[in-house]
Amino acid sequence: MSLHQPRPNPFSRSAQIVYTLPSRMRIRLSVYDVAGRLIDRLVERVESPGEHAVQWDAGRLPSGTYFYRLEAGSEVRTLRAILVR
């Protein structure tokens, strides 16, 4: 499983989050603020193997640092995204 940096980063309204899965599995992709509060649940479903992309629209959020977390099976990956207005 791999999780890639959002494109673009920093971003001003929306970013594309790309992840790759080695096999069919249930995943959860979530976004958190720096205080650890859940901001958005982008994906929660069973996905097929391969590369997947999700567009995150952060237009309603203030500038700042956010963390997006991919949970798949027993693996967890977390990366940072910076929103600049």
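For the single chain, residues carry numbers from 1 onward in sequence order. Given the structure is predicted, the values throughout are model-derived calculations rather than measurements.
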- Item | Test side chain to side chain contact (heavy atoms under 4.5 Å, CB included) applied to Leu70 and Thr20, Val43, Leu3, the passing residue | Leu3

If you compare all heavy atoms of [X] against all heavy atoms of [Y], which two are closest, and at what distance to 0.1 Å?
X     : Y     : value
Ser14 : Asp57 : CB-CA, 4.0 Å
Ile27 : Ala72 : CG2-CB, 3.7 Å
Ala15 : Pro6  : CB-CB, 4.0 Å
Pro62 : Leu83 : O-CD2, 3.2 Å
Arg13 : Gly59 : NH1-CA, 3.2 Å

Is there a path of hydrophobic side-chain contacts, each under 4.5 Å between heavy atoms of I, L, V, M, F, W or Y residues, that connects [X] with [Y]?
X     : Y     : answer
Tyr19 : Phe11 : yes
Phe67 : Ile39 : no
Leu42 : Tyr32 : no
Met25 : Leu29 : yes

Beyond-backbone contact of [X] with [Y], side-chain heavy atoms, under 4.5 angstrom:
X     : Y     : result
Arg24 : Val46 : yes
Arg85 : Ser12 : no
Ile17 : His4  : no
Asp40 : Arg60 : yes

- Message: Return the CD to CE distance between Glu75 and Met1, rounded to the nearest 0.5 Å.
- Response: 4.5 Å

- Query: What orientation do Trp56 and Tyr66 show, parallel under 30°, tilted 30 to 60°, or perpendicular over 60°?
  - Reply: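 Plane angle over 60°, so perpendicular.
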
- Query: What residues, two or more places apart in sequence or in another chain, satisfy salt bridge (charged side-chain N to carboxylate O under 4.0 Å, His left out) together with Arg80?
  - Reply: none

- Message: Could you go through Val18 and Arg7, starting from their C-alpha distance and side-chain angles, then the distance that decides it, and tell me whether this counts as side-chain contact (heavy atoms from CB on, under 4.5 Å)?
- Response: CA-CA 9 Å; Val18 177; Arg7 294 179 226 155; 3.3 Å; yes

- Message: The criterion is side chain to side chain donor-acceptor pair (under 3.5 Å); which residues satisfy it with Gln5, sequence neighbours excluded?
- Response: Asn9

- Message: What verdict does the side-chain hydrogen bond (donor to acceptor under 3.5 Å, both in side chains) test give for Arg69 and Ser30, after you've listed the backbone C-alpha separation in whole Å, the side-chain angles of each residue and the deciding distance to 0.1 Å?
- Response: CA-CA 5 Å; Arg69 176 182 169 126; Ser30 307; over 6 Å; no

